[in-house]
K.L.:
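Pasting in a structure now, in structure tokens, and then I'll have a few things to ask.
One-based numbering along the sequence shown.
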Amino acid sequence: MPPPSPKQLSELEGITYRTMMGEFILYYRGKIVGGIYDDRLLVKPVKSAVRYMPTAPYELPYDGAKRMLLVEEVDNKKFMIGLFDAMYAELPAPKQKRGK
């Protein structure tokens, strides 16, 4: 299976991404949902994601980070939309930037 790319995922409505230290942080409708780390799509292990992917393995995005869920069905657009929709309500709201 080819590794996921932010452009591939950006075809899903509401997905944006930002590069950070050579990796990609993924946002769904403004909330951080996960990222692409070493050619792996990892999402936050919120309860709805665990229910949606009960057999998904947990992996570390990088040393010292919290475990995240590995998404293996990156080519299945319907699956991805369902996953992100299921997760959305549980994801924390974006932090407000402080004014200068």
K.L.:
I'd like to know whether Leu69 forms a side-chain contact (heavy atoms from CB on, under 4.5 Å) with Val50, so could you lay out the CA-CA distance, the side-chain angles of the two residues, the decisive distance to 0.1 Å, and finally the verdict.
P.N.:
CA-CA 8 Å; Leu69 290 172; Val50 173; 3.9 Å; yes

K.L.:
Please determine whether residues Val71 and Phe24 belong to a single hydrophobic cluster, defined as Ile, Leu, Val, Met, Phe, Trp and Tyr linked transitively by side-chain heavy-atom distances below 4.5 Å.
P.N.:
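As far as the 4.5 Å side-chain criterion goes, Phe24 and Val71 are connected within one cluster.
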
K.L.:
Out of Ile25, Leu60, Leu70, which one pairs with Tyr37 under the side-chain contact (heavy atoms from CB on, under 4.5 Å) rule?
P.N.:
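Between Tyr37 and the candidates, side-chain contact (heavy atoms from CB on, under 4.5 Å) is satisfied uniquely by Ile25.
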
K.L.:
Are Val46 and Val33 connected, step by step, through hydrophobic side chains (Ile, Leu, Val, Met, Phe, Trp, Tyr) whose heavy atoms are closer than 4.5 Å?
P.N.:
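Yes; tracing contacts between hydrophobic side chains, which count when under 4.5 Å, links both residues.
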
K.L.:
Looking at every heavy atom in both Leu41 and Met80, which two are closest together, and how far apart are they?
P.N.:
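Reported closest heavy-atom pair: CD2-CE, 3.3 Å.
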
K.L.:
Any side-chain hydrogen bond (donor to acceptor under 3.5 Å, both in side chains) involving residues 55-71? Give me the pairs, sequence neighbours left out, ordered by first then second residue.
P.N.:
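For residues 55-71, and leaving out neighbouring residues, the side-chain hydrogen bond (donor to acceptor under 3.5 Å, both in side chains) pairs sorted by first residue read Arg40-Glu59.
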
K.L.:
Counting only N and O atoms by type, is there a donor-acceptor contact under 3.5 Å from the side chain of Glu72 to the main-chain atoms of Ala56?
P.N.:
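Checking the backbone N and O of Ala56 against the side chain of Glu72, no donor-acceptor pair under 3.5 Å is found.
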
K.L.:
Are Leu91 and Met20 in one and the same hydrophobic cluster, where Ile, Leu, Val, Met, Phe, Trp and Tyr link if side-chain heavy atoms are under 4.5 Å apart?
P.N.:
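In one cluster: no.
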
K.L.:
Under 3.5 Å, side chain of Lys31 to main-chain N/O of Pro94, donor-acceptor pair present?
P.N.:
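Side chain of Lys31 to backbone of Pro94: no pair is present.
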
K.L.:
Say you draw a straight line from CD1 of Ile81 to CG of Asn76; how long is it, rounded to the nearest 0.5 Å?
P.N.:
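One gets 9.0 Å once the value is rounded to the nearest 0.5 Å.
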
K.L.:
Rounded to the nearest 0.5 Å, what separates atom CG in Leu83 from atom CD in Glu73?
P.N.:
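Output value for this atom pair is 9.5 Å.
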
K.L.:
Under the side-chain contact (heavy atoms from CB on, under 4.5 Å) rule, what do Tyr28 and Thr16 come out as? Steps first, then yes or no, please.
P.N.:
CA-CA 7 Å; Tyr28 181 58; Thr16 56; over 6 Å; no

K.L.:
Under a single-linkage definition using a 4.5 Å side-chain heavy-atom cutoff for Ile, Leu, Val, Met, Phe, Trp and Tyr, are Tyr27 and Val74 assigned to the same hydrophobic cluster?
P.N.:
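No; Val74 is not reachable from Tyr27 via cluster members.
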
K.L.:
To the closest 0.5 Å, what do you measure between CD (Glu13) and NZ (Lys77)?
P.N.:
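Answer for the CD-NZ pair, Glu13 versus Lys77, is 9.0 Å.
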
K.L.:
Do Pro92 and Lys44 come within less than 4.5 Å of each other through their side chains, counting heavy atoms only?
P.N.:
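Of all side-chain heavy-atom pairs linking Lys44 with Pro92, at least one is under 4.5 Å.
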
K.L.:
For residues Leu26 and Val43, determine if any side-chain heavy atom of one lies less than 4.5 Å from a side-chain heavy atom of the other.
P.N.:
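Not touching, per the 4.5 Å side-chain cut-off.
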
K.L.:
For Ala86, does its backbone N or O pair with a side-chain atom of Ser48 as donor and acceptor, under 3.5 Å?
P.N.:
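Yes.
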
K.L.:
With sequence neighbours left out, what residues match Phe79 under ring-ring contact (aromatic ring centres under 6.0 Å, His included)?
P.N.:
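Phe79: ring-ring contact (aromatic ring centres under 6.0 Å, His included) contacts with Tyr52.
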
